[in-house]
Asker: 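Structure incoming, see below.
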Number of protein chains: 2
Amino acid sequence: MTETIERPKLRDVVADRLKTFILEGDLKPGDRLPTEAELATRFGVSRPSLREATKSLEFLGIVEARPGRGLTVGSVNMDRVTEYLGFHPAMHDVSAEELIDTRVLIETGVLPHVARRMKQDESLYDKLNAINAELQQARSLARWVKLDIAFHRELICASGLSPLMAFTDVLAVFFRRFRESVKKAEWSGGIESHQRVIDALKAGRVQEADRELRTHIESHRERI
Amino acid sequence: MTETIERPKLRDVVADRLKTFILEGDLKPGDRLPTEAELATRFGVSRPSLREATKSLEFLGIVEARPGRGLTVGSVNMDRVTEYLGFHPAMHDVSAEELIDTRVLIETGVLPHVARRMKQDESLYDKLNAINAELQQARSLARWVKLDIAFHRELICASGLSPLMAFTDVLAVFFRRFRESVKKAEWSGGIESHQRVIDALKAGRVQEADRELRTHIESHRERI
DNA sequence: GATGATTAGATTATCTGACAATCTTACTTT
DNA sequence: AAAGTAAGATTGTCAGATAATCTAATCATC
């Protein structure tokens with residue numbers, strides 16, 4: 001039995017040491033770190049190896065690097081992680097049913113928040129309205145799909161719940177194939193549906209918007 | 001106003017192209033990728049630059065690399081993400097309000113699905129019950145946090161909407177700090193709350209479960 | 001003396017090239 | 001035919017060099 005001992009990758013060791021370095025120094029976002037060269041000699045590795053470690057951390061926003069300035073402790077934003085969420089084990093082989101149900105859940109769940117914020121900010125309605133107006137003039141399927149995604153994205157955005165934004169983008173990738181199966185005749189129905197949703201929201205009739213949006217999204221169910 | 005145009009980092013572009021390469025090729029975990037050298041020439045960058053991109057992705061588990069074998073597709077390693085995002089002081093960037101609202105939205109939105117599936121599958125209730133029973137015997141805060149996360153995760157899982165699972169895992173990382181501020185005296189209240197939720201679900205009283213879960217999650221709001 | 005422009009230094013970004021470590025595969029030998 | 005072996009392929013790591021960019025000090029001008 002040849003125990004294939006997983007030789008610890010150099011950059012993983014470096015990443016871990018850098019983590020403890022930040023922890024033990026009690027460093028806060030914005031604090032400066034030693035330069036790449038100094039860290040490399042301190043950890044006893046070459047600069048490329050050190051860079052592979054720092055770049056991994058930078059990918060998550062844990063550290064930031066700017067030329068001429070050096071390395072600093074960064075601010076984490078979850079966008080980076082959620083952007084690559086499509087590679088989560090749970091995302092493999094997602095059925096169409098699940099996708100539709102998930103979208104209904106999120107988009108209808110967002111409606112009360114949107115309605116509440118709309119009362120204080122007129123521009124939210126205007127934005128959605130503008131997209132829908134453009135949608136009416138769409139001639140190609142590609143443009144229609146693009147604008148339709150933009151509309152629903154803006155709807156989530158209007159809720160102010162930023163974590164959902166990134167997630168929706170992931171979902172959109174998987175959902176695209178359904179949109180592309182939409183026939184031209186069905187466009188107008190979708191646009192009218194959009195309009196009823198945002199008008200109901202503006203008037204504060206959340207339940208009505210909920211019903212309308214639900215049937216709108218679920219109309220995809222027939223096409224599979 | 002000095003327009004600091006963020007010049008897109010080369011490795012970020014490469015990472016993104018690699019992501020779309022995997023997505024468009026519909027590659028599954030375990031599938032082989034081209035070699036580093038080939039990818040480098042294909043993307044028009046040097047090998048070190050390409051490596052900084054692949055190593056960033058490898059850090060998340062999205063790709064795996066082994067000498068002599070090459071690059072293969074992986075899936076997101078949540079433990080790794082938790083380990084490095086969980087410690088970071090900059091987690092406070094995502095507002096607590098948004099996190100709580102998002103969790104309420106998703107977990108309450110899931111309840112009708114859970115109730116429906118529970119009717120056809122008793123084991124869903126049993127699983128949740130088992131976790132809650134363990135929760136009662138938790139002695140350390142660390143164990144309590146772990147089990148509490150497991151409970152809410154299982155709740156989402158019971159809905160059968162796997163896309164939400166992926167998202168919840170990420171959210172859990174950011175929510176951890178709230179759980180860790182829970183006092184021991186409050187454990188029991190949480191456990192009873194869990195129990196009322198799943199009992200209501202089993203009985204098909206979705207609205208009651210909704211109310212209960214909503215106040216349960218929103219109880220975190222006071223602690224900030 | 002204060003202010004603005006310029007320049008020098010520091011630091012990361014990227015590349016070229018090389019060698020070591022390790023796994024896969026095909027070949028050779030029994 | 002099976003097992004051991006060697007060659008090839010691929011990632012891991014390193015050294016060194018140049019470009020791009022930011023910071024800070026210096027200098028000229030008013």
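Just so it is clear: chains get the letters A, B, ... in the order the sequence lines come, proteins before strands, and each one is counted from 1. On a predicted model such as this, the values are computed, not experimentally measured, just so you know.
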Asker: Return the value, rounded to whole Å, for the distance between atom CD of B:Glu64 and atom P of D:dG12.
Answerer: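 It works out to 12 Å between those atoms.
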
Asker: Take the protein atom CZ of A:Arg11 and the nucleotide atom C1' of D:dT13, then report the distance between them rounded to whole Å.
Answerer: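 Taking atom C1' of D:dT13 as the reference, CZ of A:Arg11 is at 10 Å.
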
Asker: Write down the distance between CG (A:Leu39) and P (C:dT11), rounded to a whole number of angstrom.
Answerer: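 Rounded to the whole Å, the gap is 12 Å.
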
Asker: If you take all heavy atoms of B:Glu107 and B:Ile156, which pair is closest and at what distance?
Answerer: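 Answer, listing the atom of B:Glu107 first, then B:Ile156: CG-CD1, 3.8 Å.
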
Asker: Please report the distance, rounded to the nearest Å, between CD in A:Glu58 and P in C:dT11.
Answerer: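 So the two atoms are 17 Å apart, to the nearest Å.
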
Asker: Kindly assign one of parallel, tilted or perpendicular to the pair B:His152 and B:His216, based on the angle between their ring planes and the thresholds 30° and 60°.
Answerer: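 Plane angle under 30°, so parallel.
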
Asker: List every contact pair, protein side and nucleotides 14-18 of chain D side both N or O, where the distance is under 3.5 Å.
Answerer:
from: D:dC14; atom 1: OP2; to: A:Ser46; atom 2: N; distance (Å): 3.3
from: D:dC14; atom 1: OP2; to: A:Ser46; atom 2: OG; distance (Å): 3.0
from: D:dC14; atom 1: OP2; to: A:Ser49; atom 2: OG; distance (Å): 2.5
from: D:dC14; atom 1: O5'; to: A:Ser46; atom 2: OG; distance (Å): 3.3

Asker: Which heavy atom in A:His92 sits nearest to a heavy atom in A:Phe87, and how many Å separate them?
Answerer: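 Between these two residues, the closest heavy atoms are NE2-O, 3.9 Å.
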
Asker: Quick one: does B:Val81's side chain get under 4.5 Å of B:Asn77's, heavy atoms only?
Answerer: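 When only atoms from C-beta onward are counted, B:Asn77 and B:Val81 do not touch, as no gap falls below 4.5 Å.
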
Asker: Are the ring centres of A:Phe175 and A:His220 closer than 6.0 Å?
Answerer: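 Yes.
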
Asker: In whole angstrom, give the distance that lies between atom CZ of B:Arg66 and atom P of C:dT25.
Answerer: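 Interatomic distance, CZ of B:Arg66 to P of C:dT25: 12 Å.
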
Asker: Using atom CD of A:Glu36 as one end and atom P of D:dC22 as the other, report the distance to the nearest whole Å.
Answerer: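 For the pair A:Glu36 CD and D:dC22 P, the rounded distance is 16 Å.
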
Asker: State whether B:Lys55 places a side-chain N or O below 4.0 Å from either non-bridging phosphate oxygen (OP1 or OP2) of D:dT11.
Answerer: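 Checking D:dT11 against B:Lys55, no side-chain N or O comes under 4.0 Å of OP1 or OP2.
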
Asker: In this structure, how many angstroms lie between the P atom of C:dT14 and the CZ atom of A:Arg51, rounded?
Answerer: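 Whole-Å distance recorded here is 7 Å.
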
Asker: Tell me the interatomic distance from B:Arg69, atom CZ, to C:dT22, atom P, rounded to whole angstroms.
Answerer: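 Computing the B:Arg69:CZ to C:dT22:P distance gives 16 Å.
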
Asker: Counting only pairs under 3.5 Å, give me each side-chain donor-acceptor contact of residues 31-44 of chain A, with atom names and distances, residues two or more places apart or in other chains.
Answerer:
from: A:Asp31; atom 1: OD2; to: A:Lys28; atom 2: N; distance (Å): 2.8
from: A:Arg32; atom 1: NH2; to: A:Arg69; atom 2: O; distance (Å): 2.5
from: A:Thr35; atom 1: OG1; to: A:Glu38; atom 2: N; distance (Å): 3.2
from: A:Glu36; atom 1: OE1; to: A:Arg47; atom 2: NE; distance (Å): 2.9
from: A:Glu36; atom 1: OE1; to: A:Arg47; atom 2: NH2; distance (Å): 2.9
from: A:Glu36; atom 1: OE1; to: A:Arg51; atom 2: NH1; distance (Å): 3.4
from: A:Glu36; atom 1: OE2; to: A:Arg51; atom 2: NH1; distance (Å): 2.8
from: A:Glu38; atom 1: OE2; to: A:Arg42; atom 2: NH2; distance (Å): 3.3
from: A:Thr41; atom 1: OG1; to: A:Ala37; atom 2: O; distance (Å): 3.4
from: A:Thr41; atom 1: OG1; to: A:Glu38; atom 2: O; distance (Å): 2.8

